[in-house]
Amino acid sequence: MDYILTLLIFFPFLGALLAVGIKENLKAYGVMISFIELLLVLLMWFMFDSEIEGYQFINFFPLVSSFGVSYLVGLDGISLFLIVLSALISFLAFIYLNEQKELKKLIISLLCLEGIMIGVFCALDVILFYVFWELSLVPMLYIIGAWGSENRVYAAVKFFLYTFLGSLIMLVGILFLAYYYFNVSGIWTFSLIEWYSFGAITKDVQIWLFLAFFCGLAVKVPMFPFHTWLPYAHGQAPTIGSVILAAVLLKMGTYGFVRFSLPLFPDASVSLMIPMAILALIMIVYGSLVAFAQKDIKQVIAYSSISHMGVIMIGIFALNLEGIAGAIFLMLSHGVISGALFMLVGVIYDRRHTKLMSEFGGLAKVMPNYAMVFGIMMMASIGLPLTMGFVGEFLSLLGFFKVSPIMTGIAGLSIIVGAVYMLYLYRKVFYGVSRNAANQKLKDLDSRELSALLPLVVIVIWLGVYPKPLLEPINKGVENMFAVLYSHIDLEETKDFFNFESLENPLTWEGK
């Protein structure tokens, strides 16, 4: 199965192409294609050897030989589970799907988006990565603009302009880095593996390149102050769009920091660690406070996503094993939890066509199964121990505690605020007196909704109790990333910061 990654990327595109000629049972077709894709992804996970250093399942063939552009894909422990997350969320999203308007076009868009997301996480040619990165905008733009709410066109255009303009600056950085390595090595290449093998870049150049990549990655995360597109996109997107946007697309930005910024620009990463941590801390505090002020259930979860993405960023820029591994685990847990929460909001919106907390009350008696699932996901979102949300948050904050106990304490207090607003939301919606007679007639979760949500509940509890199956490959991938990072350090003080114990074994280290 040497070509399994290529199969994973292009099988959804083939499914989308064949969907053009299908007239009946379109949803069943989408579920079938996404289920086959998920089985292939699980097979890849089974075949993945977490003891091997470097990348596995590599496919390569040249595209533009004169400039070193190629089709090059592979994966390691960092990207493995992001691909699993993409396939899982896509499959469950198809099960949950209940749109009737232009269903064929929606299914084609979702299948194309699934292939693109997997392409982003396994592309090892940087131009190929950029192509997938930009292509991801097209189906999401269409999904928001065609199936969204009243102000969907404004939200879709804002989403596109923010992410596209930031990506253009990142493209300038990619091209300059290729030119820089051409001057060093005499060959044109956009292979990330080749870039990893080249020597260190001077600190001044690293900082400019870091900032260029930052512009593209920070908008996607989204980091403060580039976050303003996200609440509009979530507020206007259909449920299926919000699920995939929150669960997978936001992770492209944090993945880019781990894949590119840290290993290629280590001196710049250390120099800008505190400014990046301050921005992440603003995300955490700001997201928590604004979420608390919202009256719309979906907006509460949208701003909560900003806050949780801030915790991921603080873990990444802890620049140690605990922090980065915890951040990657938190990417996965946030994907599962936020995806489930947006599905749950969609459930109540489908029944009442409103998302205002003031319209509800006493739903725990009327919809007990819905209340139970929502409660579990809410507890996971606030990081309750023995849930998946706790593991990543704890490791991320533990890693950054070594850098700044005070900033970590502030981040921890903001997470407590997160618990307050989520519990307030739950109390207002599920307990008390019903504020509307229509609430008394609401139906509980049906088989379609339970089929989409229960697997996520099982995953949240299973990986909260026993996270080892994910943490071991992730730790190995992060250790390999640190080996690359070490080879790109230009300054002795950066080596001192990481406290590498020996030149021969750079993976033996302790972050200060």
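Since we're looking at a predicted model, the values are computed, not measured.
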Can the ring centroids of [X] and [Y] be said to lie less than 6.0 angstrom from one another?
{"X": "Trp208", "Y": "Phe176", "result": "no"}
{"X": "Trp195", "Y": "Phe260", "result": "no"}
{"X": "Phe317", "Y": "Phe257", "result": "yes"}
{"X": "Tyr286", "Y": "His227", "result": "yes"}
{"X": "Phe121", "Y": "Phe132", "result": "no"}

Got [X] and [Y] here, is their nearest side-chain heavy-atom distance under 4.5 Å?
{"X": "Glu393", "Y": "Ile314", "value": "no"}
{"X": "Thr6", "Y": "Phe57", "value": "no"}
{"X": "Met388", "Y": "Leu332", "value": "yes"}
{"X": "Cys215", "Y": "Met170", "value": "no"}
{"X": "Leu111", "Y": "Glu114", "value": "yes"}
{"X": "Phe226", "Y": "Phe214", "value": "yes"}
{"X": "Lys298", "Y": "Tyr349", "value": "no"}
{"X": "Leu230", "Y": "Phe159", "value": "no"}

Using modelled atom types only, decide if a donor and an acceptor are shared between the side chain of [X] and the backbone of [Y] within a distance under 3.5 Å.
{"X": "Ser396", "Y": "Ala327", "value": "yes"}
{"X": "His334", "Y": "Gly389", "value": "no"}
{"X": "Trp147", "Y": "Lys101", "value": "yes"}
{"X": "Asp446", "Y": "Glu449", "value": "yes"}
{"X": "Lys355", "Y": "Val345", "value": "no"}
{"X": "Lys295", "Y": "Met357", "value": "no"}
{"X": "Tyr255", "Y": "Ile78", "value": "no"}
{"X": "Trp229", "Y": "Val219", "value": "yes"}
{"X": "Arg152", "Y": "Ser149", "value": "yes"}
{"X": "Lys476", "Y": "Leu471", "value": "no"}

What's the separation between atom [atom1] in [X] and atom [atom2] in [Y], rounded to the nearest 0.5 Å?
{"X": "Cys122", "Y": "Asn59", "atom1": "SG", "atom2": "CG", "answer": "9.0 Å"}
{"X": "Leu245", "Y": "Ile143", "atom1": "CG", "atom2": "CD1", "answer": "10.0 Å"}
{"X": "Ile201", "Y": "Tyr181", "atom1": "CD1", "atom2": "OH", "answer": "3.5 Å"}
{"X": "Thr254", "Y": "Ile312", "atom1": "OG1", "atom2": "CD1", "answer": "5.5 Å"}
{"X": "Ser86", "Y": "Leu38", "atom1": "OG", "atom2": "CG", "answer": "11.0 Å"}
{"X": "Phe213", "Y": "Leu264", "atom1": "CZ", "atom2": "CG", "answer": "6.5 Å"}

Of all the heavy-atom pairs spanning [X] and [Y], show the shortest one and how long it is.
{"X": "Met422", "Y": "Leu341", "result": "CE-CD1, 4.3 Å"}
{"X": "Gly74", "Y": "Leu5", "result": "CA-CD1, 3.4 Å"}
{"X": "Ile324", "Y": "Leu319", "result": "CD1-CA, 4.2 Å"}
{"X": "Ile95", "Y": "Lys27", "result": "O-NZ, 2.8 Å"}
{"X": "Ile144", "Y": "Ala237", "result": "CG1-CB, 3.9 Å"}
{"X": "Ser34", "Y": "Val31", "result": "OG-O, 3.0 Å"}

Between Leu330, Val258, Val311, Ile328, which is the residue that forms a side chain to side chain contact (heavy atoms under 4.5 Å, CB included) with Ile316?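 The option that passes is Val258.
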Out of the candidates Val64, Ile127, Leu128, Leu72, only one should pair with Phe190 under the side chain to side chain contact (heavy atoms under 4.5 Å, CB included) rule; please name it.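 Going through Val64, Ile127, Leu128, Leu72 one by one, the side chain to side chain contact (heavy atoms under 4.5 Å, CB included) with Phe190 is satisfied by Ile127 alone.
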Ignoring hydrogens and angles, state whether a donor on the side chain of [X] or [Y] is under 3.5 Å from an acceptor on the partner side chain.
{"X": "Thr228", "Y": "Tyr162", "value": "yes"}
{"X": "Ser304", "Y": "Tyr421", "value": "yes"}
{"X": "Ser70", "Y": "Asp125", "value": "yes"}

Applying side-chain hydrogen bond (donor to acceptor under 3.5 Å, both in side chains) to Ser79 and Tyr55, what does each step give before you reach the verdict? CA-CA 10 Å; Ser79 53; Tyr55 294 96; over 6 Å; no
side-chain contact (heavy atoms from CB on, under 4.5 Å) for Phe198 and Ser185? Distances and angles first, verdict last. CA-CA 8 Å; Phe198 292 143; Ser185 65; 3.6 Å; yes
Would you say that more than 12 heavy atoms from the other residues, nucleotides or ligands in this model lie under 6.0 Å from the NZ of Lys104, or not?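 Counting neighbours around NZ of Lys104, more than 12 heavy atoms of other residues, nucleotides or ligands fall under 6.0 Å, so yes.
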Can you tell me if Tyr71 has over 12 outside heavy atoms packed within less than 6.0 Å of its OH?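 Correct, the count exceeds 12.
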Does the pair Arg259/Asp76 count as a salt bridge with the N-to-O cut at 4.0 Å?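 Between Asp76 and Arg259 there is a salt bridge, with a charged N closer than 4.0 Å to a carboxylate O.
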Under the criterion ring pair (Phe, Tyr, Trp, His ring centres under 6.0 Å), I'd like the reasoning laid out for His234 against Phe342: C-alpha separation, chi angles, the key distance, then a yes or no. CA-CA 9 Å; His234 274 313; Phe342 278 114; 4.4 Å; yes
Assess the residue pair Ser288 and Ser307 against the criterion (side-chain hydrogen bond (donor to acceptor under 3.5 Å, both in side chains)); give the C-alpha distance rounded to whole Å, side-chain angles, the decisive distance to 0.1 Å, and a yes or no. CA-CA 6 Å; Ser288 297; Ser307 183; 3.1 Å; yes
Cation-pi check, Lys220 onto Trp133 ring (under 6.0 Å, within 45° of axis):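 Yes - Lys220 lies over the ring of Trp133, closer than 6.0 Å to its centre and within 45° of its axis.
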Show, in sequence, the C-alpha distance, side-chain angles and deciding distance for Phe13 and Leu17, and conclude whether the side-chain contact (heavy atoms from CB on, under 4.5 Å) test is met. CA-CA 6 Å; Phe13 286 105; Leu17 182 63; over 6 Å; no
Criterion side-chain contact (heavy atoms from CB on, under 4.5 Å) on Ser305 and Tyr303, from CA distance to verdict: CA-CA 5 Å; Ser305 284; Tyr303 280 103; over 6 Å; no
Walk me through whether Ser136 and Met252 qualify under side-chain contact (heavy atoms from CB on, under 4.5 Å). CA-CA 10 Å; Ser136 68; Met252 292 182 184; 4.0 Å; yes
Could you walk me through whether Glu134 and Ser167 pass the side-chain hydrogen bond (donor to acceptor under 3.5 Å, both in side chains) test, one step at a time? CA-CA 8 Å; Glu134 292 291 75; Ser167 300; 3.1 Å; yes
